[in-house]
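In what follows, a single structure is set out as structure tokens and then discussed.
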Amino acid sequence: MVLDFGQPPGGILQVSYVVEDIDRAALNFAASFKLGPWFIRGPFQPAQAIYRGQKTDISISLAMTFSGHVMVELVQQHDDKPSVYREMIDRQGYGFHHWGVATQNFDADVADYRARGTEVAFFDITPIGTRIAYVDTARELGGMIELIELTPEQEKRYTAMYVAALGWDGQDLLRRS
């Protein structure tokens with residue numbers, strides 16, 4: 001099966017970067033790679049966020065667009081609270097953070113990573129009910145993997161962003177929701 005935006009489940013859907021300033025980073029990515037439009041959400045607090053086993057109330061913003069069939073995501077954390085983003089910033093600074101992988105078997109995929117000795121570093125449920133889990137593969141792969149439960153609503157949103165990127169005319173670069 002191939003998703004409406006061209007990626008197979010289990011393949012790399014997203015490449016994500018932690019940035020200091022989301023608007024500036026989106027403008028730089030647009031200028032350097034002709035990427036857009038950017039769909040920006042935030043600042044917000046992930047409602048059910050669990051970081052390394054503890055509830056957290058971090059404040060973040062996200063910006064997303066597509067480059068071909070792969071989504072590029074930017075993440076800005078607005079506070080110094082412990083998180084998967086803050087631990088990377090403190091360790092090495094801003095830059096590449098994780099790959100996003102769409103899964104149709106969320107529980108089984110999380111269990112598979114746990115069985116391989118990989119810790120779930122972050123878990124949340126998005127406002128549309130999509131579960132996400134970051135598994136800490138940084139030592140082995142140089143970044144984490146975000147497992148993204150592929151629900152019909154999630155696929156619909158990603159497909160709309162993909163279609164917008166295909167037909168983007170360079171106008172209306174930053175689109176806030």
Side-chain angles (χ1 to χ4, degrees), residues 1-20 22 25 41-42 44-155 157-158 161-162:
M1 169 188 184
V2 174
L3 304 172
D4 288 343
F5 48 88
Q7 290 297 79
I12 296 173
L13 152 71
Q14 174 191 90
V15 179
S16 184
Y17 300 87
V18 176
V19 299
E20 189 171 15
I22 207 155
R41 181 172 169 245
F44 68 95
Q45 291 180 322
Q48 300 185 47
I50 305 292
Y51 167 65
R52 300 208 183 266
Q54 301 295 316
K55 178 86 172 121
T56 185
D57 60 350
I58 60 172
S59 176
I60 61 173
S61 291
L62 305 175
M64 293 176 255
T65 192
F66 273 82
S67 177
H69 295 290
V70 175
M71 176 189 291
V72 177
E73 177 186 57
L74 308 174
V75 180
Q76 178 183 350
Q77 184 169 334
H78 300 284
D79 55 40
D80 290 330
K81 294 179 181 175
S83 74
V84 289
Y85 314 113
R86 178 62 46 204
E87 71 181 43
M88 186 200 110
I89 295 165
D90 292 346
R91 185 178 61 242
Q92 68 190 47
Y94 297 96
F96 171 75
H97 187 264
H98 68 266
W99 296 276
V101 175
T103 175
Q104 294 177 310
N105 300 300
F106 185 83
D107 293 324
D109 287 343
V110 169
D112 179 58
Y113 277 99
R114 282 186 169 141
R116 291 190 261 165
T118 305
E119 178 183 5
V120 174
F122 182 77
F123 174 84
D124 191 32
I125 301 174
T126 71
I128 62 169
T130 299
R131 297 179 293 173
I132 61 167
Y134 286 58
V135 292
D136 192 349
T137 55
R139 181 172 296 168
E140 299 83 14
L141 298 175
M144 292 192 185
I145 294 175
E146 177 188 16
L147 298 172
I148 305 165
E149 181 178 38
L150 192 62
T151 63
E153 183 64 25
Q154 192 69 44
E155 185 171 2
R157 285 178 181 230
Y158 286 172
M161 286 184 234
Y162 169 72

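All values derive from a computational prediction rather than experimental measurement.
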Subject >> Gln14 (side chain) donor-acceptor with Val72 (main chain) under 3.5 angstrom >> reply: no

Original post:
Which pair of non-hydrogen atoms, one from Phe122 and one from Thr56, has the smallest distance, and what is that distance?
Top reply: CE1-CG2, 4.4 Å

Original post:
Considering all heavy atoms of both residues, which atom of Ala121 and which atom of Asp136 are nearest to each other, and what is their separation?
Top reply: CB-CB, 4.3 Å

**OP:** Kindly compute the distance separating CD1 (Ile128) from CZ (Arg157), expressed to the nearest 0.5 Å.
**Re:** 4.5 Å

**OP:** Ignoring hydrogens and angles, tell me if any N or O in the side chain of Thr126 forms a donor-acceptor pair with the backbone of Thr130 under 3.5 Å.
**Re:** yes

Subject >> Heavy-atom closest pair, residues Val70 and Val15 >> reply: CG1-CG2, 3.9 Å

Subject >> Any Glu146 side-chain heavy atom under 4.5 Å of Val101 side chain >> reply: no

**OP:** Answer yes or no: does atom CD of Glu140 have more than 12 heavy-atom neighbours from other residues, nucleotides or ligands under 6.0 Å?
**Re:** yes

**OP:** Report yes or no: does Arg41 contribute a side-chain atom to a donor-acceptor pair with the main-chain N or O of Met64 at less than 3.5 Å?
**Re:** no

Original post:
Distance from Tyr134 atom OH to Ser83 atom OG, nearest 0.5 Å?
Top reply: 9.0 Å

**OP:** Identify the heavy atoms of Ile22 and Ala63 that sit nearest to each other, and give their distance.
**Re:** CD1-N, 3.5 Å

Original post:
Would a 4.5 Å heavy-atom cut-off, applied to side chains only, mark Lys81 and Tyr51 as touching?
Top reply: no

Original post:
Between OG1 of Thr103 and CD of Glu149, what distance do you get to the nearest 0.5 Å?
Top reply: 8.0 Å

Subject >> Side chains of His97 and Glu73, donor plus acceptor under 3.5 Å >> reply: no

Original post:
In this structure, are over 12 heavy atoms from other groups packed under 6.0 Å from Arg139 atom CZ?
Top reply: no

**OP:** Would you give the length of the straight line joining atom CZ of Phe96 to atom CE of Met88, rounded to the nearest 0.5 angstrom?
**Re:** 9.0 Å

Original post:
Which atoms form the tightest heavy-atom contact between Arg52 and Glu119, and what is the distance?
Top reply: NH1-OE1, 2.7 Å

Original post:
Roughly how far apart are Tyr158 OH and Leu13 CG, rounded to 0.5 Å?
Top reply: 5.5 Å

**OP:** Would you sort out whether Phe123 and Val110 count as a side-chain contact (heavy atoms from CB on, under 4.5 Å), showing the intermediate values?
**Re:** CA-CA 11 Å; Phe123 174 84; Val110 169; over 6 Å; no

Original post:
Rounded to the nearest 0.5 Å, how far does CD of Gln45 lie from CG of Asp124?
Top reply: 11.0 Å

Subject >> Test item: Ile58 and Gln77 side chains (from C-beta on) under 4.5 Å apart, heavy atoms >> reply: yes

Subject >> Which atom of Ile89 lies closest to which atom of Tyr94, heavy atoms considered >> reply: CD1-CE2, 3.6 Å

